Amino acid sequence: MMEGHSRESALSIKAEDCYKYCLYAHRARINNIHKRLRALQSSEGAAFRPSHISVEDNESLLLSLNNLAVFRWPADPMPWYNQTKIGTVVKNLINLALYSPDIVDMATELFKDRWEKGDFAPRHLEADPEHIMDENERSISEGKFFRPVGPEWNDMVRYIARGLLRRRHPRGMTVWRLDHQFPRRSPKVYGHNGLTVGDWWPYQLCLLRDGAHGSSQGGISGDKDLGAYSIVVSCDNPAYRNGQDHDTGEVLFYSGTSGPAVVDGDTSAVLTNANAIMKASVYTQPQRPVRVIRKGPSPKGGLYPCSGFRYDGLYLVTEMKIVEADEDDKRDFYQFKLVRMPGQPSLQSIDRPTNEEYAAHLELQNW
């Protein structure tokens with residue numbers, strides 16, 4: 001028992017060192033860029049402009065800021081924060097004489113709006129580098145500069161990114177698409193569809209690959225006559241942030257899509273295609289179960305994964321109602337109640353992503 005305990009402790013320490021090393025790596029990267037830019041400013045004098053930063057350095061700053069925003073800090077973050085001095089180098093980026101407004105805005109949100117106020121909860125900044133291509137961009141970029149995660153990466157990184165191809169966008173984003181030669185499972189199936197409760201993925205494209213969800217970006221996937229196959233639930237939903245949606249795990253209140261902008265004061269709810277799919281899940285008999293996938297991170301933690309997407313089992317959509325918008329220029333919206341079906345593993349028993357999966361996800365983000 002003692003030997004096993006010691007090995008477990010050693011693994012925990014190793015994982016902790018790995019996470020802390022990420023902070024040091026970001027600090028070194030940002031600090032080196034800052035020094036180069038100050039030297040360039042000194043040599044060019046009045047002719048210097050923030051746009052003179054190299055494309056590579058700008059991409060590196062975008063990646064570092066976004067990765068720091070979703071970094072999973074320990075329960076007490078201050079020792080790591082003070083020891084690594086990561087706040088000092090991010091504060092240096094809040095300088096319009098040196099950096100573009102995008103970089104300054106992101107650094108301000110991270111340093112002043114979060115860290116200085118003691119907010120270390122992992123969540124994405126407004127400019128998220130994990131960009132999923134839409135169909136138009138895919139048609140332009142198909143086959144150009146994309147490559148799989150290669151053998152230089154460890155086994156876990158290659159496993160979670162299997163069937164995906166990636167390239168670097170000129171603005172610094174990592175762009176992903178499915179490898180069309182990789183086997184895929186159809187998501188147009190009701191029930192578990194070969195999945196296990198607790199399955200986890202780093203990106204929404206992986207849900208398409210494994211048949212968990214049928215959309216690379218949308219939250220609702222299904223058939224308008226028979227109902228939803230699956231939904232993706234995120235705390236980024238405005239209705240969740242405003243307290244209109246609730247999620248206890250076993251019972252979920254989920255808002256549908258809002259529809260077009262309000263015109264001539266008509267704020268009535270619109271039965272969009274996505275809402276019609278959810279409505280069919282309520283009224284079509286026999287009722288068909290819906291796969292629920294939760295997306296992290298959540299500023300409240302708890303039910304949601306610390307990163308990526310996790311399959312939390314089957315639910316039935318039991319009710320539908322229209323909720324009045326809380327602002328005059330906003331449209332009323334449909335809200336649906338989902339109840340988790342019995343006989344599944346408890347949500348409390350699910351511990352995904354594992355430390356190894358989370359570390360692998362970080363490595364992909366740092367690419």
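Since this is a predicted model, take the numbers as computed values, not measurements. Index from 1, following the sequence.
At most 12 heavy atoms of other shown residues, nucleotides or ligands fall within 6.0 angstrom of atom CD in Glu324. Remark: Asp351 CG is loosely packed, at most 12 non-hydrogen atoms of other residues, nucleotides or ligands lying under 6.0 Å away. For Tyr159, the OH atom counts as loosely surrounded, since its 6.0 Å shell holds 12 or fewer non-hydrogen atoms of other residues, nucleotides or ligands. Around atom CZ of Arg38, no more than 12 heavy atoms belonging to other residues, nucleotides or ligands sit under 6.0 Å away.
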*When you look at Tyr21 and His26, which way does the side chain to side chain donor-acceptor pair (under 3.5 Å) test go after all the steps?*
CA-CA 9 Å; Tyr21 171 78; His26 286 303; over 6 Å; no
_Residue pair Asp210, Arg162: steps toward the salt bridge (Lys or Arg N to Asp or Glu O under 4.0 Å) verdict_ = CA-CA 10 Å; Asp210 293 349; Arg162 66 195 185 279; 3.3 Å; yes
*With side chain to side chain donor-acceptor pair (under 3.5 Å) as the test, would you mind laying out the steps for Asn275 and Thr272 before giving the verdict?*
CA-CA 5 Å; Asn275 291 335; Thr272 62; 3.1 Å; yes
*Going through the checks in order, is the ring-ring contact (aromatic ring centres under 6.0 Å, His included) test met by Tyr190 and Tyr229?*
CA-CA 5 Å; Tyr190 292 99; Tyr229 302 119; 4.6 Å; yes
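Glu357 contributes a side-chain N or O that, together with a main-chain N or O of Thr354, makes up a donor-acceptor pair within less than 3.5 Å. Looking only at distances, no side-chain donor or acceptor of Arg166 sits under 3.5 Å from a matching main-chain atom of Arg177. The closest donor-acceptor contact from the side chain of Gln41 to the backbone of Leu98 lies at 3.5 Å or more, if one exists at all. Using modelled atom types, no side-chain atom of Asp119 and backbone atom of Trp115 make a donor-acceptor pair closer than 3.5 Å. Checked by atom type and distance alone, the side chain of Glu116 never pairs as donor or acceptor with a backbone atom of Asp113 at under 3.5 Å. In terms of modelled atom types and a separation under 3.5 Å, the side chain of Ser230 and the main chain of Ile293 share no donor-acceptor contact. A donor-acceptor pair under 3.5 Å links the side-chain atoms of Ser349 to the main chain of Ser346, judged by distance alone. Here the side chain of His213 pairs a donor or acceptor atom with the backbone of Gly218 at under 3.5 angstrom. For Ser43 (side chain) and Leu40 (main-chain N/O), a donor-acceptor pair under 3.5 Å exists by modelled atom type. Using a distance-only test at 3.5 Å, with no hydrogens or angles considered, no donor-acceptor pair links the side chain of Trp153 to the main chain of Ala360.
Phe120 places a side-chain heavy atom less than 4.5 Å from the side chain of Met78. Side-chain contact between Ile53 and Ile33 is present, with heavy atoms from C-beta onward closer than 4.5 Å. The shortest distance between side-chain heavy atoms of Val157 and Asp155 does not fall below 4.5 Å. Side-chain contact between Met341 and Pro289 is present, with at least one heavy-atom pair separated by less than 4.5 Å.
Between the CZ atom of Phe336 and the CE atom of Met320 there is a distance of 6.0 Å, given to the nearest 0.5 Å. The distance from the OG1 atom of Thr84 to the CG atom of Leu23 is 5.0 Å, given to the nearest 0.5 Å. Rounding to the nearest 0.5 angstrom, the gap separating the CD1 atom in Ile103 from the CG atom in Leu62 is 4.0 Å.
Note on Leu226: it does not cluster hydrophobically with Tyr334, by side-chain heavy-atom contacts below 4.5 Å among ILVMFWY residues. Val282 and Leu271 end up in the same hydrophobic cluster when Ile, Leu, Val, Met, Phe, Trp and Tyr side chains are linked at under 4.5 Å. Hydrophobic clustering (side-chain heavy atoms under 4.5 Å, transitive across Ile, Leu, Val, Met, Phe, Trp, Tyr) keeps Trp176 apart from Phe182. Under the 4.5 Å side-chain heavy-atom criterion for grouping Ile, Leu, Val, Met, Phe, Trp and Tyr, Leu347 is connected to Val290 within one hydrophobic cluster. Under a hydrophobic clustering in which Ile, Leu, Val, Met, Phe, Trp and Tyr are joined whenever their side-chain heavy atoms come within less than 4.5 Å, directly or via other members, Val189 and Trp201 fall into different clusters.
Across all non-hydrogen atoms, the minimal contact from Thr248 to Leu303 is C-CD1, 3.5 Å. Scanning all heavy atoms of the two residues, the minimum distance from Asn273 to Lys224 falls at OD1-NZ, 3.6 Å. Scanning all heavy atoms of the two residues, the minimum distance from Ala121 to Arg114 falls at O-NH1, 4.2 Å. The shortest non-hydrogen separation linking Gln344 to Leu314 is OE1-N, 2.7 Å. Residues Pro305 and Pro353 approach most closely at CB-CD, 4.0 Å, considering heavy atoms. Closest approach of Trp73 and Leu68 over heavy atoms only: NE1-O, 4.5 Å.
Taking the six-membered ring where tryptophan is involved, the planes of Phe71 and Trp80 are tilted, since the angle between them lies from 30° to 60°.
Annotation: cation-pi geometry not satisfied between Arg27 and Tyr24 (NZ/CZ under 6.0 angstrom from ring centroid, within 45° of ring axis). Judged by the 6.0 Å and 45° rule, Arg294 forms no cation-pi pair with Phe309.
Using a 3.5 Å distance cut-off with no hydrogens or angles, the side chains of Tyr254 and Asp247 do not pair a donor with an acceptor.
Remark: Asp199 does not engage Arg291 in a salt bridge, criterion side-chain N to carboxylate O under 4.0 Å.
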